[in-house]
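To start, the structure itself, in structure tokens.
The figures here come from the full heavy-atom set of this structure, side chains too, leaving out hydrogens, waters and symmetry mates.
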Amino acid sequence: MIKNNPLIQNLFLIVKEYGFWILMFVIQKPIFLCLNYEKGTSFLDFLQVIWHGLKLDFCTSAYFCFIPIIISLVNGLKTLPINKILRIYNIVLGVLISIIFAVDCVLFSYWGFHLDATLLFYLNDTKDATNSVTFFDVVRFVLILVPYLLLLLFLNNKIFSNIEIVFQKIKAKVVNALVLIILLPVFFVFTRGGVSTATANVGMVYYSQNQLLNLSAINPTFSLMYSMTKREDFSKEYIYMDTEECKTLFDDLYYVEKDTTINVLNTQNPNIVIILWESLSANAVSGVGGENSIIDNKEITPGLNQLAKEGIVFSNCYANAMRTDRGIVSVLTGFLAQPTTSIIKYPNKTRSLPTLARVLSYKGYSTSMLYGGDINFANMRSYFISSGYQDIVSDSDFPIKQKLSKWGVNDEITFDYLFKDIKKQTPDKKFFKTFLTLSSHEPFDVNMHRFKDPYVNSIAYTDSCLFDFISKLKTTPQWKNTLVIVVADHGYKYPKGTNEGDRKRYNIPMLWLGGAVEKHLEITRFVNQTDIPATLLRQMNIDSKDFVYSRNIFNPYTKDYALFVYNNGFCFMDTNGYTQFDCNANKVVSDKHQQTKSQTKKGQAILQTLYRDISKR
């Protein structure tokens, strides 16, 4: 009957197209879960991941059927080589989807979340974006891509070969056209995930307390498409409550009964050096209580541990997010990181932010930025220039022979440059210098072999560079009046097995050193990177009211809490515990708190306020 009825042939063709893409997305699930296998994962888990993931597979596959429906509609009016057209269409689409799948599998091991619009941001700097890619990553990419793509092409050829649909009667053509036109809104409903008010989103496949299983159920193609459509509509994102309730909660978090501070510096006009240490996890530093800081009876960071006994050490400090582009804005601008975007890629918005460099330049400080890599990466140049940095030094300012790593100039060389630069400063001019390290960034390529673990070894390398730098700086006249702030730009998944939303990944060390520090202190209260501007400026008796998301940690009346964000989620913590909230699933996924609902509302109020703020800039 099918062979003799072109209308049924056309409908069956659409069904085959829809089923073909569902099958190809289903095949991705066990592959992804095997690549990210965790002990205890059962065969039933594989089946449940496939079953729950079907919701997004159905939605995504429906998108890909619109063009075949239109082709079938045209074919009803004028006979086309429909088998050839569909196979070419599927090949082009299949290559793209295969690449997305393979890239997603490789990057997930680094990012801990699926592809989103962040990928497009980093593709603007393809050279630097690939610096973290190792040969093993390329091999893994090829081993995932090639078999999957070959399978896709094989099935495409088998399913869509020898198709010829010819409409001879006018009545059949009209009926075919009407049926297919009706079919278009049906598939539109499929793309929405149903007829309910809520449209399809990645959270609809969440079903388990095990985040890996939830993430395995997500369709990476849908994740990328979804984030691209949502990335700039800030005014409509993260709306949890009415404006008045949000304002009340937010204002209470940042309210201080008295604008006072405990002075920890012996001068109000110190020279300032901020060292942003790439990917430093507090777990690797015994000086802040790191649980995995000693390997084979050897300290990973002996230098930083010794320095922690001399200065002000913050043992409960948290990064605001998981990447450098978020971290530098948090530290230098006091602006909260965002879970779905990075404000640094919007120069028109970052120009409106208050910055430490700009404030200090108004106070007569010379300001400079040092980075051994490509300063154009991730819009950093435009950000630093608009932030008020008068002098910017990057990899292009060093001879080629000193660019020894994929990212650029190793820390040993840049630390030496920083020391010589400080040494030549005259007493009549105050300076503010920022230095972003790079040697502890993937692929952790350093000229030292102390530990087997590449990440741990790179941390040990930068630690030796830092200690040597501080030791030499102590011999200079500048040391007496200098404050050195050492803080990570973000944490790292150390030890292995640390999940994306795990608090251990975001716990970072911070240390204030130098002759400007009055005495050794250990600060155990919760601190965020964003608190650095207000805390520093109040020590200098400079107004910090423009840094609305930054708190003065040395004000006894400041609320004691911290917040970090990850890919579409956040964790709010205070002295009573923590609450981790997944914005995709719109629910608490982990908590250890007596007032989980209250903590969730506070975190939501912060995100809602933040995104309204961004939309207006």
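- The two residues Ala319 and His490 have their closest heavy-atom pair at CB-CA, 3.9 Å.
- Summarising the geometry, atom CG belonging to Leu253 is positioned 11.0 Å from atom OG1 belonging to Thr248; distances are rounded to the nearest 0.5 Å.
- The cationic group of Lys433 lies under 6.0 Å from the six-membered ring centre of Phe431 and within 45° of the ring axis, placing it in a cation-pi geometry.
- Under the 6.0 Å cut-off for aromatic ring centres, Tyr549 and Phe335 qualify, their centroids lying closer than that.
- There is a side-chain donor-acceptor pair under 3.5 Å between Gln580 and Tyr566.
- In this structure, Phe451 has no ring-ring contact (aromatic ring centres under 6.0 Å, His included) partners at least two apart in sequence or on a different chain.
- Taking the six-membered ring for Trp and the full ring otherwise, Tyr494 and Tyr455 have centroids separated by under 6.0 Å.
- By the 6.0 Å and 45° rule, Lys592 does not stack over the aromatic ring of Tyr578.
- At a cut-off of 3.5 Å, with distance as the only test, a side-chain donor of Asp411 or Thr462 sits close to an acceptor on the other residue.
- If you take CG on Asn567 and CG on Asn584, they are separated by 7.0 Å, rounding to the nearest 0.5 Å.
- Ring-centre distance between Phe435 and Phe415: below the 6.0 Å cut-off.
- Here the closest heavy-atom approach between residue Val484 and residue Leu473 is recorded as CG2-CD2, 4.1 Å.
- Annotation: Phe570 is not in aromatic contact with Phe564 [ring centroid separation under 6.0 Å not met].
- Closest heavy-atom contact between Thr434 and Leu276: CG2-CD1, 4.2 Å.
- With rounding to the nearest 0.5 Å, the separation of CG in Asp395 from OG1 in Thr414 is 11.0 Å.
- Residues Arg538 and Asp543 approach most closely at NH1-N, 4.3 Å, considering heavy atoms.
- Residues Leu265 and Leu483 form a side-chain contact, since some pair of their non-hydrogen atoms from C-beta on lies under 4.5 Å apart.
- Taking the centre of each ring, Tyr389 and Tyr383 stay at or above the 6.0 Å mark.
- Contact detail for Asp445 and Asn410: the closest heavy-atom pair is O-OD1, 3.8 Å.
- The six-membered or imidazole ring of Tyr417 lies near that of Phe398, with a centre-to-centre distance under 6.0 Å.
- Across all their heavy atoms, Ala605 and Met241 have their closest contact at N-CE, 3.9 Å.
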